[in-house]
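Labels below follow one simple rule: chain letters A, B, ... track the order of the sequence lines, proteins then strands, and each chain is numbered from 1. Source: prediction; values computed, not measured.
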Number of protein chains: 2
Amino acid sequence: MKSAKISEAVVRRLPIYLQALNELHSREIGTVSSQELGQRLDLNPAQIRKDLAYFGEFGRKGIGYDVIYLIEKIRQILKVNQTINVALVGAGNLGLALCNYNKYSKDNMKITAVFDDNPQKIGTKINNLLVQPMDELVETVKQGEIRIGIITVPAVEAQNVANRFVEAGIEGLLNFAPGILRVPEEVRVQNADFTRELLSLAYYLNQDEEEDEDGSTLD
Amino acid sequence: MKSAKISEAVVRRLPIYLQALNELHSREIGTVSSQELGQRLDLNPAQIRKDLAYFGEFGRKGIGYDVIYLIEKIRQILKVNQTINVALVGAGNLGLALCNYNKYSKDNMKITAVFDDNPQKIGTKINNLLVQPMDELVETVKQGEIRIGIITVPAVEAQNVANRFVEAGIEGLLNFAPGILRVPEEVRVQNADFTRELLSLAYYLNQDEEEDEDGSTLD
DNA sequence: TAGATTGTTAATCGATTAACAATC
DNA sequence: TAGATTGTTAATCGATTAACAATC
């Protein structure tokens, strides 16, 4: 079992379910139906049930899903029930923000190493983590069982950093720099380039008052 | 024309095309075919042609697309050929990072106002921008013709900030806080919650060496 | 028992890709 | 003219949604 390939769309929804469930849990709600969850997330209940069913039977007919149990199951599926070590390259403002966030995170992904190529930054501390020079990346990643790399350097340096990570045997990369990263296909790259988000957001802005001969534009 | 509803998938790809074209332009490449572009972006050439064809006929048969012309056209489609004013709430590290990025951005989205509720931060300057108190948000957004809001506050405050923006008549929101934002449907919300990205990245990690009775796991 | 809700199959819908006439 | 490549239609593929038997 678990053999069928799970689509990316499904995987992208799992963290959303997890967030919603965590919130329900914090409000001491013990059980939730796919309908309630769907309402809250603007998703079709059938879709939620189907997504979950790819991984097992987690609900009870006539009742719904036990919140705590489902949280645990999704955490297993996403592999965040175990500790996952993460390295960050680029100790700028963005890097700092991520490190800080990390401190409060309730899941088990931990930034355990930070790198930068700026001599001014090397040796300084961010949340008890020493900023290390790039030279030490490969060694540290291997030794520290670091499986995910976060790239928060300027666009021109991103590919170089990615190459180092690949050399170190990284399994996944979260890339905040604009542009395409070229990596071997066994390395998963997730893009978090907010300029893209901002540009597509602009598309949905109301059309500016251009000379619009007749008023009947949209449906 | 331009009446057919464009799918979100298409809109999400336009910024990617734009990035690639900008890079081609910086390398002084004047013409590109859908095939070349597709290779570079790991996309099907037919898809690229079809995406562009929703908006007009931008290419030349037998030749390809003029890079400069296509950049201009996509910028028009995304409405980033005009200046778009943006407000940011949350002058933390993440907010700082975005303001800094803004400085170097080549497209016409400009952060023109920054807000925070921390008295320590109010009145300080970020890149020549005064950090304003939240009280002034509605007024400033209206007066300053600000159309997009960026939210970089902790999760618990995000909805409140969103409400203020809606009150001020914002058209789009880029939300970096985890969780779902409730807004009227005419306001577009784009999520940039990196915790989601990180969680889905974890899904694609190699399965840990769990007791795996028989070796034959994946196909 | 009656009502609720799951897991799952079948139907629908939409997005991607292939194919090709038009044409540079 | 021959080769390349667009714009677009038709075919394919995959994802979402509806429907319902099973069952709590």
May I ask you to check whether A:Asp51 and A:Gln47 show a side-chain donor-acceptor distance below 3.5 Å?
no
OP1 or OP2 of C:dA15 under 4.0 Å from side-chain N/O of B:Arg12:
no
Which of the following nucleotides, C:dT8, C:dT16, C:dT5, is nearest to the side chain of B:Ala9?
C:dT16
In whole angstroms, the gap separating P of D:dG7 from CZ of B:Phe55 amounts to 13 Å
Close residues, residues 59-73 of chain B, relative to DNA chain D [heavy-atom separation under 4.0 Å]:
B:Gly59, B:Arg60, B:Lys61, B:Gly62, B:Ile63, B:Gly64, B:Tyr65
Check every atom of D:dT16, C:dT17, C:dG7 against the side chain of B:Ala46 and return the nucleotide holding the closest atom.
C:dT17
In this structure, are over 12 heavy atoms from other groups packed under 6.0 Å from A:Gln35 atom CD?
no
For the pair made of NZ in A:Lys50 and C1' in D:dA19, what is the distance, rounded to whole Å?
14 Å
Please indicate whether B:Glu145 has more than 12 foreign heavy atoms, meaning atoms of other residues, nucleotides or ligands, lying under 6.0 Å from its CD.
no
At less than 4.0 Å, is any side-chain N or O atom of A:Arg49 found next to OP1 or OP2 of D:dC20? Yes or no.
no
Given atom CG of B:Asp51 and atom P of D:dG7, what is their separation to the nearest angstrom?
12 Å
Whole-Å gap separating C1' (D:dT23) and CD (A:Glu57)
11 Å
Less than 4.0 Å between a side-chain N and a carboxylate O, is that true for B:Glu23 and B:Arg27?
yes
Without decimals, in angstroms, what is the distance between A:Gln47 CD and C:dG7 P?
15 Å
Are there more than 12 heavy atoms of other residues, nucleotides or ligands under 6.0 Å from atom CD of B:Glu28?
no
So which nucleotide does D:dT12 pair with, by the Watson-Crick or G-U wobble rule with both distances under 3.5 Å?
C:dA15
What is the pairing partner of D:dA21, taking Watson-Crick or G-U wobble pairs with both distances under 3.5 Å in any strand?
C:dT6
A:Gln35 CD - C:dG7 C1' separation (whole Å):
16 Å
Quick check: on DNA chain D, is the nucleotide nearest B:Ser33 upstream (toward 5') of the one nearest A:Arg13, or the reverse? Name the residue that is more 5'.
B:Ser33
Looking at B:Ile29, I'd like to know if its CD1 atom is crowded, meaning that more than 12 non-hydrogen atoms belonging to other residues, nucleotides or ligands lie closer than 6.0 Å.
yes
So, does B:Ser34 get its side chain near the phosphate of D:dT5, meaning an N or O under 4.0 Å from OP1 or OP2?
no
